[in-house]
Amino acid sequence: MLLALISFVIVIFICVLVHEFGHYITAKLLGVQVHEFALGMGPVIKQVRRNNMLWSLRAIPIGGFCRLAGMDEEEDDEEVIPGMGFDEQPAWKRFLILFDGAFFNIILAVILAALFLYGHGVIDTERSVIGEIIPDLPAARAGIQAGDEILSVNNIKVSKWREMSDAIKDESLKNNNVTLEISRAGKIFTLELNIPMNQEYGRPMLGVSPSYKRYGFIQACKSSAGYIYKITLLTLRGIYDLVMQKQEVDVTGPVGIASMSGQAMKSGFFGFIMFIAMISLNLGIFNLFPIPALDGGRILFVVLEMIFRRRLPQKIEGWIHMAGFIFLISLIILITCKDIYNIFMTH
């Protein structure tokens, strides 16, 4: 429980802080006044004022926040420098400031994915190369080794892991005896072995798993964006299926994320790094949804302003964002209750 809490705090602190830094650095570059940038939430531990801005360290180590001038968050002794308030900026500047919080989350995901690809690697399903041998199954008994590449199954040429796996299953169901053509250290040989039905898995099992593909530094940097892009598409597809009720999609809240954080930390450094990347990516994607109170909701109003050349009165926009905030809090409470229920039911 303690590990889950510590890992959850680390994940949220990093992801939220990067998000807020995206807002901060864009605002500063575009000449918008920033009242405060805080590390953590809650009561102030220490504050330092530099260049007419507060840098704060706060007691609760969950993320942080960036408080911009001109967003109705001024404290009693704070003034907005004329022309530097957020609400005084042209629409394109407000768009970039709002967008870059999510954008920095996505950039963090790409950087961490590059680190993962370089230091750990991913399962290589593009080749039929053996990674690990499962004990007491046909592959181990026949002397198949890690690094062996299966070229054909009963004279059926295979090059990818899925092709090899399907061919072994199909041919084994016809006849338990299967002939494999194998490449090992530049030498090619054939191996005939018996692959009976495995009752535990309900299918014939050779007893091997794919190898891992590790990337060089340059290749990892080049491939990480594509890797994150594919995961983004899968995430959006899952959200679409959830909304359209095409299939059941598991949704989790803070309690569920805390539990998964603990499991990710147990899996090791690279597993935890990739988990942070996935949470950062999901935070970035979710924040761009056109839901009031989220950055995406605010961006929607800015885009409509750019299209129609008219700005919605701030009071009305504020009411809409408040309604969105209440909706989101209610949703989080509902999902959290479901997570707590699931934890108690599984224990």
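Values below: every heavy atom of this structure, side chains too, minus hydrogens, waters and symmetry copies.
The pair Glu163-Lys157 does not count as a salt bridge, with every side-chain nitrogen at least 4.0 angstrom from each carboxylate oxygen. Between Asp170 and Lys174 there is no salt bridge, since no side-chain N of the basic residue sits under 4.0 Å from a carboxylate O of the acidic one. A salt bridge links Arg67 to Glu78: at least one charged side-chain nitrogen sits closer than 4.0 Å to a carboxylate oxygen.
Of all non-hydrogen atoms in Ala109 and Ala277, the two that sit nearest each other are CB-O, 3.4 Å. Across all non-hydrogen atoms, the minimal contact from Ala293 to Gly324 is CB-C, 3.9 Å. The shortest non-hydrogen separation linking Pro82 to Glu88 is C-OE1, 4.1 Å. When all heavy atoms of Gly207 and Ala139 are compared, the pair lying nearest together is O-CB, 3.9 Å. Here the closest non-hydrogen pair linking Pro135 and Ala140 is CA-CB, 4.2 Å. In terms of heavy atoms, Ala220 sits closest to Ala114 at CB-O, 3.5 Å.
With sequence neighbours left out, the side chain to side chain contact (heavy atoms under 4.5 Å, CB included) criterion links Leu300 to Pro290, Leu304. Residues satisfying the salt bridge (charged side-chain N to carboxylate O under 4.0 Å, His left out) test with Asp87, not counting sequence neighbours, are none. Listed by chain and residue number, Phe301, Ile316, Glu317, Ile320 satisfy the side chain to side chain contact (heavy atoms under 4.5 Å, CB included) test with Leu312 (two or more places apart in sequence, or in another chain).
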### Task
Please report the C-alpha distance between Lys160 and Thr125 in whole Å, then the side-chain angles of each, then the deciding distance to 0.1 Å, and finally whether the side chain to side chain contact (heavy atoms under 4.5 Å, CB included) criterion is met.
CA-CA 6 Å; Lys160 297 185 178 182; Thr125 59; over 6 Å; no
### Query
Are Tyr24 and Leu29 close enough, and set up right, to give a side chain to side chain contact (heavy atoms under 4.5 Å, CB included), and what steps lead you there?
CA-CA 9 Å; Tyr24 162 75; Leu29 289 173; over 6 Å; no
### Task
Dump the intermediate steps for side chain to side chain contact (heavy atoms under 4.5 Å, CB included) on His35 and Leu54, then the final yes or no.
CA-CA 6 Å; His35 285 313; Leu54 278 176; over 6 Å; no
### Message
Applying side chain to side chain contact (heavy atoms under 4.5 Å, CB included) to Ser261 and Phe275, what does each step give before you reach the verdict?
### Response
CA-CA 7 Å; Ser261 298; Phe275 182 76; 3.1 Å; yes
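Side chains of Ser7 and Phe272 form a contact here, defined as non-hydrogen atoms less than 4.5 Å apart. Under the 4.5 Å side-chain criterion, counting only non-hydrogen atoms from C-beta, Pro138 is not in contact with Met205. Within the 4.5 Å cutoff, side-chain heavy atoms of Ile10 are placed close to those of Met265. Using a 4.5 Å cut-off on side-chain heavy atoms (C-beta onward), Thr235 and Met278 make no contact.
When hydrophobic residues (I, L, V, M, F, W, Y) are linked wherever their side-chain heavy atoms come within less than 4.5 Å, the members clustered with Val178 are Ile130, Ile133, Ile144, Ile150, Val153, Val158, Trp161, Met164, Ile168, Leu180, Ile182, Phe189, Leu191, Leu193, Ile195, Leu206, Val208. Summarising the hydrophobic clusters (Ile, Leu, Val, Met, Phe, Trp, Tyr; side-chain heavy atoms under 4.5 Å, direct or chained), the residues clustered with Tyr118 are Phe217, Ile218. Applying the under-4.5 Å side-chain rule to Ile, Leu, Val, Met, Phe, Trp and Tyr, the cluster around Val44 consists of that residue alone. Through side-chain heavy atoms spaced under 4.5 Å, either directly or across other Ile, Leu, Val, Met, Phe, Trp or Tyr residues, Leu234 is tied to no other residue.
One hydrophobic cluster holds both Phe103 and Leu281 under the rule that ILVMFWY side chains link at heavy-atom gaps under 4.5 Å. Note on Phe65: it does not cluster hydrophobically with Val80, by side-chain heavy-atom contacts below 4.5 Å among ILVMFWY residues. Side-chain heavy atoms closer than 4.5 Å link hydrophobic residues (I, L, V, M, F, W, Y) into clusters, and following such links, possibly through other members, connects Ile231 to Val122. The cluster map of Ile, Leu, Val, Met, Phe, Trp and Tyr, joined by side-chain heavy atoms under 4.5 Å apart, puts Ile45 and Phe37 in the same cluster. Placement of Leu3 and Ile14 within a single hydrophobic cluster is found when ILVMFWY residues are connected by side-chain heavy-atom separations under 4.5 Å, directly or transitively.
Rounded to the nearest 0.5 Å, atoms CD1 (Ile111) and CD1 (Ile276) are 13.0 Å apart. Taken to the nearest 0.5 Å, the CG atom of Leu39 stands 6.0 Å off from the CG atom of Leu57. In this structure, Leu294 CG and Phe327 CZ are separated by 9.5 Å, a value rounded to the nearest 0.5 Å. The distance from atom CG of Asp124 to atom CZ of Arg214, rounded to the nearest 0.5 Å, is 13.5 Å. Taken from CD1 in Ile279 to CZ in Phe8, the straight-line distance is 9.0 Å, to the nearest 0.5 Å. Distance check, rounded to the nearest 0.5 Å: CG of Asn194 to OG of Ser172 gives 8.5 Å.
No donor-acceptor distance shorter than 3.5 angstrom exists from the side chain of Asn154 to the backbone of Ile156, with no hydrogens or angles considered. Counting only distance, with no hydrogens or angles, the side chain of Lys169 and the backbone of Arg203 share no donor-acceptor pair below 3.5 Å. Of the possible donor and acceptor atoms, one in the side chain of His23 sits under 3.5 Å from a partner among the backbone N and O of Ile97. Side chain of Arg298 to backbone of Leu98: no donor-acceptor contact under 3.5 angstrom is found. In this structure, the side chain of Glu305 does not engage the main chain of Arg310 through any donor-acceptor pair within 3.5 Å. Side-chain N or O atoms of Ser267 include one that pairs as donor or acceptor with a backbone N or O of Ala264 at under 3.5 Å.
Enclosure of atom CZ in Phe270 by more than 12 non-hydrogen atoms of other residues, nucleotides or ligands within 6.0 angstrom is indicated. With a 6.0 Å radius and a threshold of 12 heavy atoms from other residues, nucleotides or ligands, Arg162 has its CZ atom at or below the threshold. For Tyr229, the OH atom sits in a loose shell: 12 or fewer heavy atoms of surrounding residues, nucleotides or ligands are nearer than 6.0 Å. The environment of CZ in Arg309 is sparse: at most 12 heavy-atom neighbours from other residues, nucleotides or ligands sit within 6.0 Å. Taking a 6.0 Å sphere around CE of Met322, one finds it holds 12 or fewer heavy atoms contributed by other residues, nucleotides or ligands.
Under the side-chain hydrogen bond (donor to acceptor under 3.5 Å, both in side chains) criterion, the residue pairs touching residues 273-286 are Asn105-Ser280, with sequence neighbours excluded. Screening residues 131-156 for salt bridge (charged side-chain N to carboxylate O under 4.0 Å, His left out), with sequence neighbours left out, gives Asp148-Arg184. Applying the ring-ring contact (aromatic ring centres under 6.0 Å, His included) test to residues at least two apart or on different chains, the pairs with a partner in residues 75-95 are Phe95-Phe99. Residue pairs meeting the salt bridge (charged side-chain N to carboxylate O under 4.0 Å, His left out) criterion with at least one member in residues 18-27, sequence neighbours excluded, do not occur. For residues 53-65, the pairs satisfying side-chain hydrogen bond (donor to acceptor under 3.5 Å, both in side chains) are Glu36-Ser56, Glu36-Arg58, Gln47-Ser56, with sequence neighbours left out.
Taking the six-membered ring for Trp and the full ring otherwise, His120 and Tyr212 have centroids separated by under 6.0 Å.
With no hydrogens or angles considered, a side-chain donor-acceptor pair links Asp295 and His19 at under 3.5 Å.
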